[in-house]
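Being a predicted model, the structure only gives us computed values, none of them experimental. Quick note on labels: first sequence line is chain A, next is B, and so on, each numbered from 1. Atom set for the values below is all heavy atoms of this structure, side chains included, hydrogens, waters and symmetry mates excluded.
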There are 4 protein chains.
Amino acid sequence: MSSAWGDTLKLSIFGESHGPAVGVVIDGLPSGEELDMERILRFMDRRRPGKDPYSTPRKETDLPRVLSGVYNGKTTGTPLAVMIQNSDTHSADYSELASVARPSHGDFTGYVRYHGFNDPRGGGHFSGRLTAPLCFAGAAAIQMLERRGVSVGAHLASVADIPDLRYSTAELTVQELLAPGQKSFPVLDDGAGEKMRRRIEEARLAQDSVGGTVECGILGLPAGVGSPMFGGVENVLSSLLFGIPAVKGVEFGLGFEGSRLTGSQYNDSFCVRDGEIRTGTNRHGGILGGISSGMPILFCAAFKPTPSISRPQQTVDFIRKEPRELVIKGRHDPCVVPRAVPCVEAAAAFGILSLWLSCGGK
Amino acid sequence: MSSAWGDTLKLSIFGESHGPAVGVVIDGLPSGEELDMERILRFMDRRRPGKDPYSTPRKETDLPRVLSGVYNGKTTGTPLAVMIQNSDTHSADYSELASVARPSHGDFTGYVRYHGFNDPRGGGHFSGRLTAPLCFAGAAAIQMLERRGVSVGAHLASVADIPDLRYSTAELTVQELLAPGQKSFPVLDDGAGEKMRRRIEEARLAQDSVGGTVECGILGLPAGVGSPMFGGVENVLSSLLFGIPAVKGVEFGLGFEGSRLTGSQYNDSFCVRDGEIRTGTNRHGGILGGISSGMPILFCAAFKPTPSISRPQQTVDFIRKEPRELVIKGRHDPCVVPRAVPCVEAAAAFGILSLWLSCGGK
Amino acid sequence: MSSAWGDTLKLSIFGESHGPAVGVVIDGLPSGEELDMERILRFMDRRRPGKDPYSTPRKETDLPRVLSGVYNGKTTGTPLAVMIQNSDTHSADYSELASVARPSHGDFTGYVRYHGFNDPRGGGHFSGRLTAPLCFAGAAAIQMLERRGVSVGAHLASVADIPDLRYSTAELTVQELLAPGQKSFPVLDDGAGEKMRRRIEEARLAQDSVGGTVECGILGLPAGVGSPMFGGVENVLSSLLFGIPAVKGVEFGLGFEGSRLTGSQYNDSFCVRDGEIRTGTNRHGGILGGISSGMPILFCAAFKPTPSISRPQQTVDFIRKEPRELVIKGRHDPCVVPRAVPCVEAAAAFGILSLWLSCGGK
Amino acid sequence: MSSAWGDTLKLSIFGESHGPAVGVVIDGLPSGEELDMERILRFMDRRRPGKDPYSTPRKETDLPRVLSGVYNGKTTGTPLAVMIQNSDTHSADYSELASVARPSHGDFTGYVRYHGFNDPRGGGHFSGRLTAPLCFAGAAAIQMLERRGVSVGAHLASVADIPDLRYSTAELTVQELLAPGQKSFPVLDDGAGEKMRRRIEEARLAQDSVGGTVECGILGLPAGVGSPMFGGVENVLSSLLFGIPAVKGVEFGLGFEGSRLTGSQYNDSFCVRDGEIRTGTNRHGGILGGISSGMPILFCAAFKPTPSISRPQQTVDFIRKEPRELVIKGRHDPCVVPRAVPCVEAAAAFGILSLWLSCGGK
């Protein structure tokens, strides 16, 4: 694993923040799948910085350009490649800045990993911009899953200490699942959303930032997808989710909270409903033994606060090995988590499609 | 991914709980690595059921048998294969039980996934017994990492709602890291351990079970190991950790708690200490941009309560699609988390060794 | 790649010639596949040294022992592991011999690759004995392919300069395909076989050895299996075939001979036969663009002469870097190619099953 | 495997002949490697159609555009992506032609494999144009190998039945190895080259085509690179080489000819030369037990004749299942093998670099 992922369905993401383009090659997609590009663009708009998704005119440079793998609007089955041109980036003099480690960023670790040859401009390959091609891949996967009766949705489960409602686990409807994604601020409870926005604005004014969590749900996945041990739904999804910058935790079903319960409190009873095997509650998050149970897949991802804050920070010049005070300039998103919601959906959808195909689904 | 894992260093685990044997093939190990079998056995003893690791005579059938890959006490570099014979298991009549889904177990999902052909006896390939070969692989990896200056340790961070102390993140010593693993009950604070034991006993008496969490630390890993996106330390470790039955959450550094902080609270300042780049605090858990920072790697895994409880539970016969009341017989561990501590160490060590080798380390 | 192979269907082979056992783990098999063990044993007997497959009593130690993945005689879908115990091998003093490179063997290269830690006894992991677990895997794959209407057969196409007949490419029947495998000497033309046997005996008497070729055919594979570029039938089969010791060349259809023809001589015309698209001739060996065409898959593998000959040979002690004269003792097979015929079938069957499953077949 | 290849060093090739672009993502390259783009372009020119490599002005559209992975002229260590725009292709009406199978092409098999959704224009993803990105990857690998003392060269070993000289196996110099690649017609013996050209011209005039073979040599590779079984040099190279359209056979060292010899004729004696272990002859082609021996790696690839010939051919409309006479229009290369020489070098270089890195080389 690296920036390439997968066995059956392969993802190879490339690009640097200030290079010519970012993009992705997807190898192993089923053929004949219609791609609604307009919907893909709307999906990608949800992660765009500085967006107001329904009014702002789209900048040409943000448009993904399909280079291969689509013919007459449908997937060919051979590799699907997409590039997204980077806009003209004023490559200021990075020579100095390149050796001053921004706290919580990958500047220093990337420097060591690549022996000083990594592209440091705007974070290079470590930039959040690399989630744009991931969102393309996920948006395509979402359409393919829908055709198979599977829906993927997510919402901001919290910003700082302000919680949203949670997907009601056992009786989640597709409408409820997808509602947050259709709002400009992706929450279930708009009242909570209002508080979150204020909290983010407060952070901005304080030259600070905040973190948060995203809850994701997958509906309609039949029982029997996934594998025991390392091919489990949890393994596969987490191996993608931690590829989204700033994700520091992933939990399925009750997750950490479940570790505080007793077996009699936690175990979900099985029952028969409409001739199908179901569980009455869904503390297990739709996964048992690594395999989908037919109940909604539910998981939560934790995002650390945006690393870039404009307050002065203590750090070092890691080449000269000297202390430095750093003031990060430019506009920075005081909370990336709202924009990360589609990224989580994308990673989840791509992972689920991959599992579907590798378990013999077509 | 499935029960096989990895690109550079490959792990292929096999076996069923009541079959002839469980085992593992490890492909891609460096050659010439001495294996201290006595230490491997002591490590594996830590996960054994019904153990008292320093007095109980080891049962012959628990002994791992090296089938290949070791010559004159050292790794050959070609595949290392190990089998662990299963003891005589009274294969009672499973024909009926096989279709009654034990809540929180993989009985039903495994049945659907494998179209009814999975081995249902004792959970088959879904059994916790499959962590025995994982522990062998991890114990071998631990020795190889030690030779490279890297130490791996873990402890019970909580049982139900009773917390242990936490590894003091910035100045953790090897001694402190490894201390819990040398105790019969792997905690930092023996007082907390005493409370945990009582809580477990309480659960046992109530025919119930409890969950918990395990904190793991990795010391001595130099900066620069791991990769951005899907090859990050978080991705690689979580893809292994969720292979341990009952793990439902993984977080690195402050994890979920960190999502509630502001950037100014969360960001770790860099500094120069003894000529090395360090951070003053370690909220990031030793990983930035997917790559080790040179600080201790710290993460936590959440375990759901033991699924098997002896109280009557509501469930279904999933073949006949009829409700059933289930009473699980036999002795069951009311808390598997103490025995899971070495499993977490093993997964972590194997993942870190794999990353080390794939980043050009020898 | 190493001794582990595959993405969808994974093979992990382990063992050394004089270690405790050789074996294999197969991950990703479909569940519910009946394994006729008696037939597997008969298949494996065809590669046994010193065999007379229909009379010699089987030595207990040659018996493969299934460790997991089979329940009630059918595959469970979870990893199938098999070990084959090595018989008591008189581990003479190898300390000296270990540094004298047997010409055409991997003694020297293995020593360098593994820094002197490889098991040198009897060739260690480089031994032809490692094809025994490959044959198990292939024998299982053959049964699964048969159930899907696909047959795999092979024969000795030549020994030294003595040719057998060739599978008549366009109208090959299953009976003709499988006939050589049912003979004690696997040829199409028994007259040619007689000459080959004499040639082998001649080599034996001259303390020499001979090479040969194996032609393999696959019947009943529908059009559409395989992928362009690196996932082609040729790529996948050759990546397995070169894993059989002594294979030094692989060609599909007319292969090297075809490179001497013109397009008008080589191209196979398409036609419609019984409502199916076919070609009149089959110079393409059933593969176009990496994908099966529905015509028989035909390929040929070249084996170098057995490296071990009892004549004195000039070589070196590669530790002392001194010249040495080497006389290899013991009985050695003057021609391994007859025994390699089932190995080629096994590699082909495993590769085709893997392609079948990864192209969406069940 | 598919159009993505590799574990340690990954290659993901995309594009269709008449789509917007072809290209490649390479993941896992070492960082800090200088890329001489001028040399890469010269290398790629060698495979260009209708070329006269030293005079024709390069068409803009043939220029590879680096999208990521290079900064300040050196590799960053993160994915290197390249796209090569396709020139304006007059997409005539393909609707009819799309269902008429050109003999020896992948039209029919691609149609079946992808259920009719493959891009049929100009062969789509099956086109020889896909070797352009492979050549970019190989040209970059060649530079990295040179820096490590390894040289890769190839020449036309035959066209139809006209042979070139062969690399003299045991004492091949770098100069001799690379000489053919510097000629406009890549042969060792220009007299043979002249005959080959005439043979090709003859085929052109006869509205026919010819095949041929390419011999490739790798010098300077130290002993110890590669692995036994499926990770051998033969396995890895052949898994790439069969990705070049029209390759139908691969042999290492004496290959098929070696199968006709006796052991005493074939075995290469080891000797000590300049303090190094060498063999006196090199019938083994530099590979023993899958691992490099320190002698030159030598192999040969067989190419079938160009499938497209302008003579009328019998074929079928595979949708209507009706016979058709086909006359292929347009200019077609009566022999692609001269242009395939750099493709073979590219595949070899990429495979060897991958093996080098995965065996612990830096």
Side-chain angles (χ1 to χ4, degrees), chain A residues 1-3 5 101 103-104 106 109-110 112-113 125-126 160-161 208-213 223-224 227-232 234-235 238-239 242-243 248-249 251-252 255-256 258-260 262-264 266-267 269-270 272 277 288-289 291 293 302-306 309 311 314-316 318 321, chain B residues 1-3 5 101 103-104 106 109-110 112-113 125-126 160-161 208-213 223-224 227-232 234-235 238-239 242-243 248-249 251-252 255-256 258-260 262-264 266-267 269-270 272 277 288-289 291 293 302-306 309 311 314-316 318 321:
Chain A
M1 288 198 295
S2 47
S3 302
W5 182 94
S104 267
T109 57
V112 178
R113 171 69 173 87
H125 188 62
F126 293 81
D161 54 358
D208 211 337
S209 66
V210 281
T213 59
S227 291
M229 302 217 75
F230 311 119
E234 292 107 332
N235 311 58
S238 66
S239 74
F242 282 114
K248 296 297 276 187
E251 59 180 2
F252 294 83
F256 281 86
S259 75
R260 288 187 283 273
T262 62
S264 62
Y266 183 95
N267 286 357
S269 298
F270 281 99
V272 180
I277 308 298
L288 290 172
I291 299 171
S293 68
F303 288 77
K304 68 180 182 187
T306 311
I309 56 177
R311 293 187 187 190
Q314 277 310 314
T315 187
V316 296
F318 51 77
K321 295 198 174 176
Chain B
M1 288 199 294
S2 46
S3 301
W5 182 95
S104 267
T109 58
V112 178
R113 170 70 172 87
H125 188 62
F126 293 79
D161 53 359
D208 211 337
S209 66
V210 281
T213 61
S227 292
M229 303 218 72
F230 311 118
E234 292 108 331
N235 310 58
S238 66
S239 74
F242 283 113
K248 295 298 275 188
E251 59 180 3
F252 294 84
F256 280 87
S259 74
R260 288 188 283 272
T262 64
S264 62
Y266 183 96
N267 286 358
S269 298
F270 281 99
V272 180
I277 308 298
L288 291 172
I291 300 170
S293 69
F303 289 77
K304 68 181 182 186
T306 311
I309 56 177
R311 292 187 188 188
Q314 276 311 313
T315 188
V316 296
F318 51 78
K321 296 199 174 176

Worksheet item: Quick one: of A:Gly106, A:Gly249, A:Gly258, who has the most non-hydrogen atom pairs under 4.5 Å with chain B?
Response: A:Gly249

Worksheet item: Taking every heavy-atom pair that is under 4.5 Å apart, which of A:Gly255, A:Gly212, A:Pro228 has the most such pairs with chain B?
Response: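 Among the listed options, the one with the most contacts to chain B is A:Pro228.
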
Might you point out which heavy atoms bring [X] and [Y] nearest each other, and give the distance in Å?
{"X": "A:Gly224", "Y": "B:Arg113", "result": "O-CD, 3.1 Å"}
{"X": "B:Ser269", "Y": "A:Gln314", "result": "CB-O, 3.3 Å"}
{"X": "B:Gly263", "Y": "A:Ile309", "result": "C-CD1, 4.1 Å"}
{"X": "B:Lys321", "Y": "A:Ile277", "result": "CG-CD1, 4.1 Å"}
{"X": "B:Ser259", "Y": "A:Thr213", "result": "OG-CG2, 3.5 Å"}
{"X": "B:Ser239", "Y": "A:Ser239", "result": "CB-CB, 4.2 Å"}

If you count heavy-atom pairs within less than 4.5 Å of chain A, which of [options] leads?
{"options": "B:Ser209, B:Gly289, B:Ala223", "result": "B:Ser209"}
{"options": "B:Ser104, B:Ser264, B:Gly110, B:Gly243", "result": "B:Ser264"}
{"options": "B:Thr262, B:Val272, B:Asp161", "result": "B:Thr262"}
{"options": "B:Phe242, B:Tyr266, B:Phe252", "result": "B:Phe242"}

If I measure from the heavy atoms of chain A, does [X] come under 4.5 Å with its side chain, its backbone, both, or neither?
{"X": "B:Asn267", "result": "both"}
{"X": "B:Ser238", "result": "both"}
{"X": "B:Phe303", "result": "backbone"}

Worksheet item: CZ/B:Phe256 to NZ/A:Lys248 distance, rounded to the nearest 0.5 angstrom?
Response: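 Atom-to-atom, B:Phe256:CZ and A:Lys248:NZ are 12.5 Å apart.
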
Worksheet item: Looking at the rings of B:Phe318 and A:Phe270, which for Trp means the six-membered one, are their centres under 6.0 Å apart?
Response: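 Aromatic pair excluded; centres sit 6.0 Å or further apart.
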
Fill in: Under 4.5 Å from any heavy atom of chain B - which part of A:Ser293
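Answer is both: backbone and side chain atoms of A:Ser293 are under 4.5 Å from chain B.
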
Worksheet item: Do A:Asn235 and B:Trp5 touch side chain to side chain, with heavy atoms closer than 4.5 Å?
Response: no

Worksheet item: Are any side-chain N or O atoms of B:Thr109 and backbone N or O atoms of A:Leu288, one a donor and one an acceptor, separated by less than 3.5 Å?
Response: yes

